[in-house]
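Right, one structure below, let's go through it.
Not measured: the values here are computed from a predicted model. Every chain is numbered from 1 and lettered A, B, ... according to where its sequence line falls, protein lines coming before strand lines.
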Amino acid sequence: MTDDDLLAELRALGPDPIDPRLERLVEDPTLLATLQAEAEDDPALARDLALFALLDPAIDAQIAEQIIGRAAPALVEAPAPVEIASPAAVEPPRRRWLVATLAVAAALVLAFFTLRADPARAPATAWTLEALSGEMLHRDDSAPAPVHGPGSTIKLVLRPATPVSAPIKVSAWLAVGDAATRLDDSLVRTEANGASVFSAPVDALPPTPAGPQRLLFVISAPDTLPSARRVPVAELAEGGAWRVVPYAFERRSSP
Amino acid sequence: MRTPGPPSAEVDPLHATWSAALRDDAAAVRALVAALRPVVHARIARALRNNPQAWKRDPREELADLIQEIFLQLFKDDGALLRRWRPDGGMSIRNYVGLIAYRRATSVLARRVGRWQAEPDDGARLDAAAGSVRIDRAVERRDLLRALVATLRAELSAQQFALFTALVLEERDIAELSAAFAMSPNALYTARSRFLSRARKILAQIDEDPTQTAGGS
C-alpha cells in the first residue's frame, strides 16, 4: 500500500461515530458526570456509555493474578488459609475466564491429581495444573496431548484449590520410561500461597528421545524430597510425603 | 511545531515494567496489567460498539470477558504477543496493546458471527435472513483505521493531532494551514509524509500479529 492509498482511505473515513470523550473516560473518570448527564437525553450515548463506563478496578488484580498464577481472593470460594497438613481437599471453583481460555487450543486444564499423599505431611489441598503453551496433538485413540518442540517454552501454572500457609517446595522432574530426572529449581517459582509457575525452554530440558514423556511436579514440605537427581519414577510415587501432579506431553524433535 | 516521530524506548514510561513483566516479575505483571487495562478496555469497547450484531449478553459481561481473554492471550506462550512490541515501532506499549486488543476482539466477534451463521439458532437465523448479521471486510478495515486514528490521537500532542486532522483527514488547503500552523508548505508536506509513514508503520506492526487466528470465545 502506498502513502496515497492510505491517505485516500483515511480521508474517506468521515467523522468517528464514537464520541472521543468516551475513550478518554477510561483514563479520566472526571468526565463521567458530564457524559451521564448528556446521556439522559441521548439514548445512543447512553448505550455507548454502558460499554465505556469504568469497570471495577478489582478486575486488574484478578487478571494479574491469573497471569502470574496466584489465586485471586475474589475467585476462591474458600479463602481461609489451609495448613499444609490439613486433610481437606477442596475443588476449585469454575472460572469463566478459564472456559474462555480453553477455547484457545494451547490452553488446557489438566487435572486434580494426587498420588500417595501422606496425610501427616503432604500438602493436602487439591491442585490444578494449567498449560499456557503448547500445541495440541489429536490422536485417534486418546485425548489430545500437548506437543512441545525445539524453540518452544513449556509454561505451566500449578494452583492449590485453597491457599497454603506453611512453606512448601515444588520440584519438577522429567520422567521418561521408568526414570525421572530432577530439573533445576530455578525453573519453578513458588508464591507464598503455593501457586507456582514452571517456565522452561524445551531446549533447556535434559535431552530425551522424541515421543511421549511427563513432567512430574512433586509438592512437599521443603525437607522431604528425594536427594538424588535421578530416581526411578516409582520412588516418587512411593515417597509418601508428597503429592505428584503430572503433565504428559509429546516431545517433538523438530519445531 | 516539532514534527511527529516515533517515541523512543527511553521515554516510554512502561518500558522497564514491560521488560520486567516478561521476566515473570509478579509485581511488574500487576503494574503492567493495571497500566494497560484502561486502553484495552477502551479499544474492546470500540470493537463491541462497532459490532453490536456479534453479542447478545449484557455488554459489561461481554466487555469483562473479552478483556480477560485478551490479556491471557497477550501473556500466552511466554508473552509472545507482548514481546512483539518494538520501542521504535511508532507507538507506545499502551497503544500497541490497545490496537492488538482491538484487532483480536474484532476477530473474536467476527468468528462468533461466522459460527452463528453456520449453526444459527432461531434468533440468529432471523437476523441472517434480514441481512444484518455480517461483518464486512471493508467495514472492518474502516473500523481498524478509526482505531488507528484513535491511537494517533493518544500518541500525538493536541497540536500535532490537530495538524494530522487538518492535513490528512480533512485535506485542508496547504496555504490555509501554512498560516494557521505557522509552517512552510514544504514543512507541511514533510509532516504529512511523516504522519503517513508512522501510520503505515503502526499498521505493519499490527499486521505482523501471528496469532490472529488463535483464540475465540
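- Chain A forms the most heavy-atom pairs under 4.5 Å with one residue out of B/L63, B/D24, B/V39, B/V29, and that residue is B/D24.
- Within the 4.5 angstrom heavy-atom criterion, only backbone atoms of A/L54 (N, CA, C, O) approach chain B.
- Interface remark: A/R47 contributes no atoms to any contact with chain B (heavy atom separation under 4.5 Å).
- For the residue pair A/Q213 / A/T208, a side-chain donor-acceptor distance below 3.5 Å is found, with atom types taken as modelled.
- In this structure, chain A has heavy atoms under 4.5 Å from both the backbone and the side chain of B/R46.
- Closest of all the heavy-atom pairs between B/R198 and B/L156 is NH1-CD2, 3.7 Å.
- Most heavy-atom pairs under 4.5 Å with chain A, from the set B/V149, B/L169, B/I44, B/V168: that is B/V168.
- Between B/S107 and B/R103, the side chains place no donor N or O within less than 3.5 Å of an acceptor N or O (distance only, hydrogens not considered).
- The closest donor-acceptor contact from the side chain of A/D48 to the backbone of B/R49 lies at 3.5 Å or more, if one exists at all.
- Side chain to side chain, A/S171 and A/R182 fail the donor-acceptor criterion of an N or O pair below 3.5 Å.
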Quick one, A/E23 with B/R43, criterion salt bridge (Lys or Arg N to Asp or Glu O under 4.0 Å). Give me CA distance, side-chain angles, the key distance, then yes/no. CA-CA 8 Å; A/E23 289 193 311; B/R43 297 295 180 265; 3.2 Å; yes
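- Using a 4.5 Å cut-off between heavy atoms, A/A53 touches chain B through backbone and side chain atoms alike.
- Rounded to the nearest 0.5 Å, atoms CZ (A/F52) and CD1 (A/I18) are 4.5 Å apart.
- With a threshold of 4.5 angstrom between heavy atoms, A/L7 approaches chain B through its backbone and through its side chain.
- Only the backbone of A/P15 comes within contact range of chain B, with heavy atoms under 4.5 Å apart.
- In this structure, the portions of B/L48 lying under 4.5 Å from any heavy atom of chain A include both its backbone and its side chain.
- The ring of A/F217 has its center no closer than 6.0 angstrom to the ring center of A/Y247.
- For B/D58, no part lies under 4.5 angstrom from a heavy atom of chain A.
- Within the 4.5 angstrom heavy-atom criterion, no atom of B/I70 approaches chain A.
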